[in-house]
Amino acid sequence: MSPMSADALADLLADARAGVAFTGAGISTESGIPDFRSPDGLWTREDPRDFSFRRYVASPALREQAWRRRHALWQDPPRPNLGHFALADLEAEGHLAGIVTQNVDGLHADAGSRTVVELHGSTRRVTCIGTAPRAGTPQGCGFTASHAWAFARLDAGEADPRCPSCGGIVKTTTVSFGQNLWPGVLEEASALVERADVVLVIGSSLSVEPAASLPRRAHRAGVPLAIVNAEPTPLDDLAEVRVRARAGGVLADVAAALPARREASA
Ligand code: NAD
């Protein structure tokens with residue numbers, strides 16, 4: 001069987017009891033959310049520097065633009081696709097212990113996945129980061145709320161909502177370039193990956209650190225690696241199974257193939 005097929009991936013996952021899916025922006029492109037580095041990704045039309053913590057803090061105009069965009073996106077909320085639902089099935093059937101995601105869209109939980117570590121935070125929660133945080137570390141007063149709070153402030157005419165407790169800058173809990181990860185989250189993701197019997201990378205260019213170090217470390221510890229991605233990645237040569245295709249159909253095929261394999265091995 002070719003190590004490049006969805007069949008080979010189903011074989012690998014059929015034996016898994018504590019698999020971990022490591023997902024990136026590519027799993028959500030089929031839900032209409034652009035990734036960064038695809039040929040038609042955000043970097044073809046946006047300046048990556050506008051996604052930095054430093055600029056967010058420094059530029060009220062950039063914050064206003066970010067809030068306008070988010071508000072517009074959530075008028076017609078994105079929905080999970082076949083790939084998200086297939087991963088929720090794989091967890092429910094006992095093949096996956098959980099998901100470590102770089103995504104900030106919340107679509108894994110929407111699809112029914114229960115154990116999801118969001119390495120880069122979430123667009124669905126906002127938090128105070130203080131009035132002049134430096135060096136990539138939020139220094140807020142502790143105020144936090146659903147993004148619905150911010151959208152209500154926008155609807156009330158505030159273009160750049162400020163913290164109701166201390167007047168600080170408010171930001172989604174997403175981790176921007178130059179911003180440190182939230183305390184504890186890398187440890188939580190590492191603990192899941194350390195117990196993994198398979199790591200399945202989906203829709204990630206594996207170019208953002210320290211996130212990409214997790215599948216690399218798993219491979220070094222002898223854990224089989226599988227990669228489903230539309231384009232080549234730097235870890236392709238290390239993977240036991242590689243599928244270069246859109247993730248939704250591949251993962252749906254894999255989830256559909258597993259019950260027969262379970263029956264055959266029962
Ligand atoms: P990336 O943009 O660097 O890479 C995405 C990869 O997914 C590319 O290699 C692309 O070929 C592949 N891809 C695109 N569509 C695919 C599909 N349908 N099936 C399979 N593969 C597909 O994304 P990354 O590695 O996640 O790193 C970018 C950073 O951007 C992350 O830190 C993440 O936080 C952030 N981000 C998140 C979202 C989101 O939450 N949906 C969207 C954009 C960016």
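Note that ligands are numbered from 1 as they come in the structure, with each ligand's atoms numbered from 1 the same way.
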Of all the atoms in ligand 1, which lie at a distance below 4.0 Å from a heavy atom belonging to S28?
-> 41 (N)

What part of H120, side chain, backbone, both or neither, has a heavy atom within less than 4.0 angstrom of ligand 1?
-> side chain

Heavy-atom contacts with R37 under 4.0 Å: which atoms of ligand 1 show up? List them by number with element.
-> 1 (P), 2 (O), 3 (O), 27 (O), 28 (C)

Is it the side chain, the backbone, both or neither of V104 that has a heavy atom closer than 4.0 Å to ligand 1?
-> both

Ligand 1 atoms in contact with S38 (distance to a heavy atom under 4.0 Å) | 10 (C), 11 (O), 14 (C)

Is there a side-chain contact between L181 and H120 (heavy atoms, below 4.5 Å)?
-> yes

Using a strict cut-off of 4.0 Å, indicate which atoms of ligand 1 neighbour a heavy atom of G24.
-> 26 (O)

Location of contacts on I33 toward ligand 1, heavy atoms closer than 4.0 Å | side chain

Tell me, do P78 and D105 make a side-chain contact under 4.5 Å, heavy atoms counted?
-> no

If we only count heavy atoms from C-beta on, is the L154 to P161 side-chain gap below 4.5 Å?
-> yes

Tell me, which protein residue and heavy-atom name are nearest atom 4 (O) of ligand 1, and how many Å apart are they?
-> S205 N, 3.3 Å

If we number the atoms of ligand 1 from 1 as shown, the ones under 4.0 Å from a heavy atom of P34 are 42 (C), 43 (C)

Using atom types as modelled and distance alone, determine if a side-chain donor or acceptor of N229 lies under 3.5 Å from a backbone N or O of S204.
-> yes

Would you mind checking if R79 and D110 are paired as a salt bridge, meaning a charged N to carboxylate O distance below 4.0 Å?
-> no

If you scan protein heavy atoms around atom 38 (C) of ligand 1, the nearest is A25 CB, 3.8 Å

Quick one: nearest non-hydrogen protein atom to atom 20 (C) of ligand 1, plus distance?
-> A245 O, 3.4 Å

Structural part of S204 in contact with ligand 1, heavy atom criterion under 4.0 angstrom | both

Flag the pair L214 / V20 as yes when at least one side-chain heavy-atom distance between them is below 4.5 Å, and no otherwise.
-> no

Hey, are T23 and T101 close enough side-chain-wise for a donor-acceptor pair under 3.5 Å?
-> yes

Nearest-contact summary for atom 13 (N) of ligand 1 - protein heavy atom, Å = G26 CA, 3.6 Å

Of all the non-hydrogen atoms in the protein, which one sits nearest to atom 19 (N) of ligand 1, and at what distance?
-> A247 N, 2.8 Å

Nearest protein heavy atom to atom 18 (N) of ligand 1, by residue and atom, and its distance?
-> E30 OE2, 2.7 Å

Identify, for atom 11 (O) of ligand 1, the protein heavy atom at the shortest distance, and state residue, atom and that distance.
-> E231 OE1, 2.6 Å

Of all the heavy atoms in G203, does at least one lie under 4.0 Å from an atom in ligand 1?
-> yes

To the nearest 0.5 Å, atom CG of L258 lies from atom CD of E93 at 8.5 Å

Tell me: protein heavy atom nearest atom 9 (O) of ligand 1, and distance?
-> N229 ND2, 2.9 Å

Validation row: R37, S207 side chains within 4.5 angstrom (heavy atoms) | yes

Between OH on residue Y56 and CD1 on residue I129, distance to nearest 0.5 Å | 6.5 Å

N or O pair under 3.5 Å between S207 and ligand 1 = no

Of all the atoms in ligand 1, which lie at a distance below 4.0 Å from a heavy atom belonging to D105?
-> 39 (C), 40 (O), 41 (N)

Is any side-chain heavy atom of V193 closer than 4.5 Å to a side-chain heavy atom of V100?
-> yes

More than 12 heavy atoms of other groups within 6.0 Å of R54 CZ | no

